[in-house]
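First the structure, in the form of structure tokens, and then the observations on it.
Scope of the values below: all heavy atoms of this structure, side chains included, with no hydrogens, waters or symmetry mates. We number each residue from 1, following the sequence as shown.
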Amino acid sequence: MKRKAPLINDFPHMIYGGDYNPDQWQDYPDILAEDKRLMMLAGINSASVGIFAWMALEPQEDVYTFDWLDETMDRIASFGGKVILATPSGARPAWMDKRYPEVLRVNRDRTKNLHGERHNHCYTSPYYRKKVYEMNTMLAKRYKDHPALGMWHISNEYGGECHCELCQQAFRDWLREKYHNDIHELNRQWWTGFWSRTFNDFDEIESPSPIGETAIHGLNIDWMRFVTHQTTNFMENEIAAVKAITPDVPVTTNLMGLYPGFNPWYLSKKIDVVSWDNYPEWHKVDDKDGKLASDIAFVHDMNRCLKQQPFLLMESTPSLVNWRRINKLKRPGMNITASLQAVAHGSDSVQYFQWRKGRGAFEKFHGAVVDHEGTENTRVFKECAQLGNILKNMDSVPGTMVPVEAAVICDWDNRWAINDMQGLTDKKNYDLTCKDHYYALWKQNIAVDVIDSEQDFTPYKLLIAPMLYMIKPGVAERLKKFVADGGTLVTTYVTGYVNENDRCFLGGFPGDGLKELVGIWAEEIDGLWEGESNTMKTVVGEFYEKEIEYKVFDLCELVHPQGDCQVLATYGEDFYAGMPVLTKNNYGAGASYHMAARTDADMLGDFYKKLAVELQLVTPQNMISIKDEDGKDVCGVSIRERACDEITILFLLNFTGKNVTVEHGVLGKIALEPFGSAVFEMKNNI
């Protein structure tokens, strides 16, 4: 496994820093001077600067003030740090909105926004695109040779959509291109004969609206694809300005986890480095056995897979946030452990929002490295400095990757279609279902990639495709080849119901030729009431050595096995008692398993334990046991590896509130405090 290049050119270190807002502190030169001392004390080596600084850069139209940014760049460079320099398009000055109202967004209900908030701009506006390009060009020209410039931070947390007439026309043009200017093909794919919705011309089409059309699912999903396209195209306009002058400086934009507003698999193709903002609700009383840690690991792994390279943790909080119903402090140790979790799953950085708490407005009580108290004498600062010291000694980590043999498919188009579907249950829970399957492997400390259905399947032994309702062109053929070549595929209820335009397949589900692969025909699906459940009874045989009963709930698909498909478990109750609920179908050199019902964690855990043994899925080397103080096995301690040809880095992460002991065949017994962590480097035998 070859080491990847550093994410910042000629900077082979863990990147440690966060959002720094000197534009808000221009009247406090003593504080700006103190920032340098405190950054060096905390081990900070980078800062994200200028993220919402347009007004500080251009207080009046065509009047520019760069002196404060010059001083900031020089200050960071003076101690060898790097600046991740932002383009300021995420928030505009009031003078711009007043003079050029076309930049303001129009909402789904066709009301126009006033000035305010963030990302309140039209992605199509010619004026705003021109203005952003000019601003980005000036930044690139001014700082292209500055030693502190390490990376471009393109805008901030892109999101939202605009329904103005400029965007309506751009949407119609996008549809014309997709459907080759054939309105009849659009009508066929969208099934517009429903409710007499047939269009005679592309100019008749409007974006979805609560005061207009929302019932054509093909329209809805094409609109989301267009929003993804237009967001990405706006970002490309930003990138073009800086790349024209600094072609070798990498660009990133910070994503927001599982944010549903655009497809990150599409957008990430246009950036050099993936980054994301991570704000879990740690220490909830109902979080058991590390489930939240697993859910966050799922998103880390997805971000690593967006470009199959290390990513950046762009934002996190060292203590608490200020925008939740309950804003709970991270317990001692959790900031370090949560930060190292990101590193263990492929991040080459730990960065915070924010460096210093502001004095006013919405984020004045959001967590920061430096509190309003202003010194290094706080619990949070000391823990951040402790992490800085740890990261300073981890120069061997950047560029290493995570050894993986299994993947879960979490597909955005599929997600949009499932959420838009009318039927089944109000608990479709596509995201949660993907995470539940992932969790069954996380508990075994088996590394997993999180990919979409258009990625390469060939690197994996095991491919899990929960609720793959939408089958896009070519996916069925690639799934068949994956299994025929020896892979193991797991599918579930609601597989293969619609094509890429959300139009149902004919001839039975799963469609698009998948019935022969999966080995079943799905006839009906039963939605269960809240609190209602059924049972799944295993069939004694090659897979299950004894009869076991598990709980199933929410959705129960009624399937018929075909050919040589084996029934591994059946329903225990209702009129479909005795019908298959778990099947296995051999196909070529591999096998496909189908789960016809939503099952509990016990069933998934047992099932994937069997598959992990059968497929010999890679686990951390020389692991023996994880025990609590009473000698009982513990769930909630994550053991992860990053590696390259020469070395393996082992991460031990305790997400429980207990003292635990990890026993390792080479390292011996390692004690971890509650929310504690440890990192070890081992040379590989090449």
Side-chain angles (χ1 to χ4, degrees), residues 105-112 159-165 167-231 259-263 411-431 467-473 493-507 509-512 522 524-527 554-555 557:
R105 281 185 182 170
V106 172
N107 302 305
R108 284 196 170 217
D109 64 1
R110 304 313 193 250
T111 56
K112 194 177 186 71
E161 55 193 53
C162 178
H163 296 257
C164 74
E165 189 49 45
C167 290
Q168 299 292 346
Q169 191 57 50
F171 179 44
R172 294 171 194 131
D173 291 342
W174 183 88
L175 291 171
R176 284 188 179 95
E177 182 176 353
K178 176 180 177 180
Y179 293 102
H180 307 289
N181 207 32
D182 186 347
I183 193 66
H184 301 296
E185 179 61 18
L186 178 146
N187 284 317
R188 282 191 293 271
Q189 292 296 325
W190 287 6
W191 204 250
T192 55
F194 169 77
W195 285 358
S196 192
R197 292 299 193 260
T198 303
F199 299 102
N200 289 321
D201 191 275
F202 285 93
D203 287 336
E204 297 174 357
I205 298 172
E206 290 268 353
S207 61
S209 171
I211 60 172
E213 185 62 77
T214 60
I216 299 177
H217 292 168
L219 166 65
N220 296 341
I221 197 164
D222 271 348
W223 171 253
M224 294 308 300
R225 289 167 175 154
F226 167 75
V227 169
T228 296
H229 165 81
Q230 205 69 346
T231 304
Y259 170 70
F262 61 79
N263 186 342
D411 188 282
W412 248 248
D413 296 79
N414 186 64
R415 182 189 191 199
W416 289 330
I418 286 176
N419 289 342
D420 201 28
M421 183 206 310
Q422 296 298 300
L424 302 183
T425 172
D426 62 352
K427 294 183 178 180
K428 298 183 183 75
N429 292 347
Y430 175 63
D431 301 0
M467 299 178 72
L468 195 59
Y469 168 75
M470 173 179 285
I471 305 297
K472 290 182 279 190
Y493 48 92
V494 199
T495 291
Y497 282 25
V498 300
N499 74 354
E500 73 276 15
N501 295 311
D502 214 349
R503 189 176 68 165
C504 286
F505 293 113
L506 298 180
F509 304 142
D512 205 18
E524 299 180 272
I525 189 163
D526 190 18
D554 286 350
L555 292 167
E557 194 175 52

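Going from atom CG of Leu175 over to atom CD of Glu185 covers 12.5 Å, rounded to the nearest 0.5 Å. Going from atom CG of Leu186 over to atom NE2 of His180 covers 12.0 Å, rounded to the nearest 0.5 Å. Put simply, CD1 on Ile183 and OG1 on Thr198 are 9.5 Å apart, with the number rounded to the nearest 0.5 Å.
The aromatic rings of Tyr497 and Phe509 sit parallel, their planes meeting at an angle under 30°, below the 60° perpendicular limit. Using the six-membered ring where Trp is involved, Trp174 and His229 have ring planes that are tilted, between 30° and 60° apart.
Of all the heavy atoms in Arg105 and Gly160, the pair that sits closest is NH1-CA, 3.4 Å. For the residue pair Asn501 and Gln189, the shortest heavy atom distance occurs at ND2-OE1, 2.9 Å. Summarising the geometry of Asn220 relative to Pro208, their closest heavy-atom pair is OD1-CG, 3.4 Å, with the distance given to 0.1 Å. Residues Asp203 and Asp201 come closest through the heavy atom pair N-OD1, 2.8 Å. Heavy-atom minimum distance, Met467 versus Asn429: SD-O, 4.5 Å.
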task: For the pair Arg503 and Val498, evaluate side chain to side chain contact (heavy atoms under 4.5 Å, CB included) and give the outcome as yes or no after the intermediate values.
output: CA-CA 5 Å; Arg503 189 176 68 165; Val498 300; 5.8 Å; no
query: Can you check salt bridge (charged side-chain N to carboxylate O under 4.0 Å, His left out) on Arg172 and Glu206, steps first, answer last?
result: CA-CA 8 Å; Arg172 294 171 194 131; Glu206 290 268 353; 3.7 Å; yes
- request: Please lay out, stage by stage, how Trp190 and Phe199 fare under the test side chain to side chain contact (heavy atoms under 4.5 Å, CB included).
  value: CA-CA 10 Å; Trp190 287 6; Phe199 299 102; 3.9 Å; yes
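Partners of Phe262 according to the ring pair (Phe, Tyr, Trp, His ring centres under 6.0 Å) rule, which considers only residues two or more places apart in sequence or in another chain, are Tyr259. Listed by chain and residue number, Glu213 satisfy the salt bridge (Lys or Arg N to Asp or Glu O under 4.0 Å) test with Arg197 (two or more places apart in sequence, or in another chain). Residues passing the side chain to side chain donor-acceptor pair (under 3.5 Å) test with Arg225 are Asp222, Asp413, sequence neighbours excluded. Judged as a salt bridge (Lys or Arg N to Asp or Glu O under 4.0 Å), and not counting sequence neighbours, the contacts of Glu161 are Arg108. Residues satisfying the side chain to side chain contact (heavy atoms under 4.5 Å, CB included) test with Asp512, not counting sequence neighbours, are Ile471, Ala476, Phe505. With sequence neighbours excluded, the residues forming a side chain to side chain donor-acceptor pair (under 3.5 Å) with Thr111 are Asn107, Asp109, listed by chain and number. Listed by chain and residue number, Ser453, Lys472 satisfy the side chain to side chain donor-acceptor pair (under 3.5 Å) test with Asp411 (two or more places apart in sequence, or in another chain). With sequence neighbours excluded, the residues satisfying side chain to side chain donor-acceptor pair (under 3.5 Å) with Ser207 are Arg110, His163, Gln168. Judged as a ring pair (Phe, Tyr, Trp, His ring centres under 6.0 Å), and not counting sequence neighbours, Phe194 has no contacts. Residues passing the salt bridge (Lys or Arg N to Asp or Glu O under 4.0 Å) test with Asp526: none are found, sequence neighbours excluded. For Asp554, the salt bridge (Lys or Arg N to Asp or Glu O under 4.0 Å) criterion is met by Arg598, not counting sequence neighbours.
Applying the salt bridge (Lys or Arg N to Asp or Glu O under 4.0 Å) test to pairs two or more places apart or on separate chains, those with a residue in residues 416-427 are Lys427-Glu530.
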